[in-house]
Amino acid sequence: MDLGHKFQDLEETGETLVALINSAQTEKLGGVKDELQALFDQHIETKKIVTEILKEKNEIQEGVGQRFLDMEEEKQQRERDLMNLEEQLRQCTAKSQITDSELQFLKGELEHLRNTNHELETLQNEVDEDTTEIIPSAKYVAQMYYLITKIKWEYETSPHMLKGVHYGAELAAPINIDTSTQSPIDVSDKLWSFVSTE
């Protein structure tokens with residue numbers, strides 16, 4: 001039963017009530033009162049049903065609205081993710097190009113190092129040939145200098161330092177001369193001072 005029909009019933013009942021009051025038929029008035037109470041009860045029940053329907057409708061609308069907002073937020077997040085991925089792709093592409101350039105450069109360096117290594121091997125072979133002839137004579141010269149001067153040199157020093165020990169007749173004297181602060185003549189004089197004139 002729709003709401004318009006109920007209002008029509010209410011009007012008819014009201015008209016009947018007015019007619020009964022006018023005709024002063026009290027026995028019919030009691031029946032009208034019962035009908036009016038039933039109509040009022042039915043109106044209250046209809047109001048509860050309509051209120052519940054409106055409440056459910058609002059809840060459905062809120063749920064749909066919230067789902068729409070969630071979907072919109074998810075869409076925006078996916079768009080941001082897509083933009084980030086595109087940026088990462090651009091950066092990776094740029095890095096790949098740089099890496100390719102570096103790879104070409106490193107290949108050139110490797111080839112250069114191979115050539116240098118080959119030259120060093122050739123030079124090492126030449127040095128090895130020379131040392132088999134020169135080092136024995138250099139050792140002989142070093143031994144001869146030691147026998148004359150009685151000075152044993154330290155060879156692993158900085159270039160401007162002369163270090164060694166003079167083994168004199170009575171005791172050993174250390175030698176520590178900085179050649180960067182003295183003239184070659186002074187250095188020579190100091191060294192000759194260690195050598196015995198005998």
Side-chain angles (χ1 to χ4, degrees), residues 1-128 131 154-161 163 178 180:
M1 179 180 285
D2 64 350
L3 193 58
H5 194 268
K6 289 181 181 179
F7 283 124
Q8 185 178 356
D9 288 346
L10 183 60
E11 287 177 5
E12 290 174 2
T13 305
E15 290 171 1
T16 304
L17 181 60
V18 170
L20 284 175
I21 292 173
N22 289 338
S23 66
Q25 296 178 359
T26 53
E27 65 277 353
K28 288 186 179 180
L29 195 57
V32 170
K33 178 182 172 188
D34 292 340
E35 285 182 15
L36 188 58
Q37 184 63 42
L39 184 63
F40 179 74
D41 291 343
Q42 190 176 13
H43 172 71
I44 294 296
E45 184 63 27
T46 302
K47 184 177 178 182
K48 285 181 183 176
I49 292 170
V50 169
T51 302
E52 187 64 31
I53 289 170
L54 291 174
K55 181 180 175 186
E56 289 176 2
K57 177 188 169 194
N58 286 338
E59 288 174 355
I60 290 169
Q61 285 178 337
E62 287 176 4
V64 168
Q66 187 60 46
R67 281 198 299 275
F68 176 76
L69 290 175
D70 292 345
M71 288 173 64
E72 189 64 27
E73 176 62 29
E74 184 177 352
K75 176 186 170 191
Q76 291 176 0
Q77 182 61 44
R78 288 188 179 181
E79 287 175 354
R80 288 192 294 270
D81 292 344
L82 180 61
M83 289 173 63
N84 287 338
L85 288 173
E86 288 174 349
E87 179 61 27
Q88 289 177 10
L89 178 61
R90 278 193 294 274
Q91 291 176 359
C92 287
T93 303
K95 285 180 183 177
S96 175
Q97 292 171 350
I98 291 170
T99 303
D100 290 344
S101 299
E102 289 176 348
L103 182 61
Q104 291 302 320
F105 173 76
L106 290 174
K107 282 181 179 177
E109 285 293 306
L110 179 61
E111 188 61 31
H112 175 70
L113 287 174
R114 283 181 179 155
N115 292 336
T116 304
N117 190 37
H118 179 67
E119 291 172 7
L120 287 174
E121 285 177 358
T122 304
L123 186 60
Q124 181 67 40
N125 290 336
E126 291 174 3
V127 168
D128 288 344
T131 54
E154 290 182 27
Y155 296 105
E156 295 181 7
T157 62
S158 56
H160 60 88
M161 295 299 294
K163 286 189 177 184
D178 186 353
S180 64

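With rounding to the nearest 0.5 angstrom, the CD atom of Gln88 is 9.5 Å from the NZ atom of Lys95. Atom CD1 of Ile53 and atom CG of Asn58 lie 12.0 Å apart (nearest 0.5 Å). In this structure, NZ in Lys47 is found 11.5 Å from CG in Leu54, a value given to the nearest 0.5 Å.
With sequence neighbours excluded, the residues forming a side-chain hydrogen bond (donor to acceptor under 3.5 Å, both in side chains) with Glu87 are Arg90, Gln91, listed by chain and number. When the side-chain hydrogen bond (donor to acceptor under 3.5 Å, both in side chains) test is applied to Asp70, the partners found at least two apart in sequence or on another chain are Gln66. Lys163 pairs by the side chain to side chain contact (heavy atoms under 4.5 Å, CB included) definition with Glu154, Thr157, Met161, Asn176, not counting sequence neighbours. Residues satisfying the side-chain hydrogen bond (donor to acceptor under 3.5 Å, both in side chains) test with Asp100, not counting sequence neighbours, are none. The side-chain hydrogen bond (donor to acceptor under 3.5 Å, both in side chains) test applied to Arg78 returns Glu74, not counting sequence neighbours.
Checking side-chain atoms of Ser96 against main-chain N and O of Cys92 turns up no donor-acceptor pair under 3.5 Å.
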- Message: The test is side chain to side chain contact (heavy atoms under 4.5 Å, CB included); show your working for Leu82 and Glu79 and say whether it passes.
- Response: CA-CA 5 Å; Leu82 180 61; Glu79 287 175 354; 5.6 Å; no
- Task: Start with the C-alpha gap between Glu62 and Lys55, add the side-chain angles, then the distance that decides, and say whether salt bridge (charged side-chain N to carboxylate O under 4.0 Å, His left out) holds.
- Result: CA-CA 10 Å; Glu62 287 176 4; Lys55 181 180 175 186; over 6 Å; no
Name the atoms and distances for all side-chain donor-acceptor pairs under 3.5 Å in residues 104-120, with sequence neighbours left out.
{"residue": "Asn115", "atom": "ND2", "partner": "Glu111", "partner atom": "O", "Å": "3.4"}
{"residue": "Thr116", "atom": "OG1", "partner": "His112", "partner atom": "O", "Å": "2.9"}

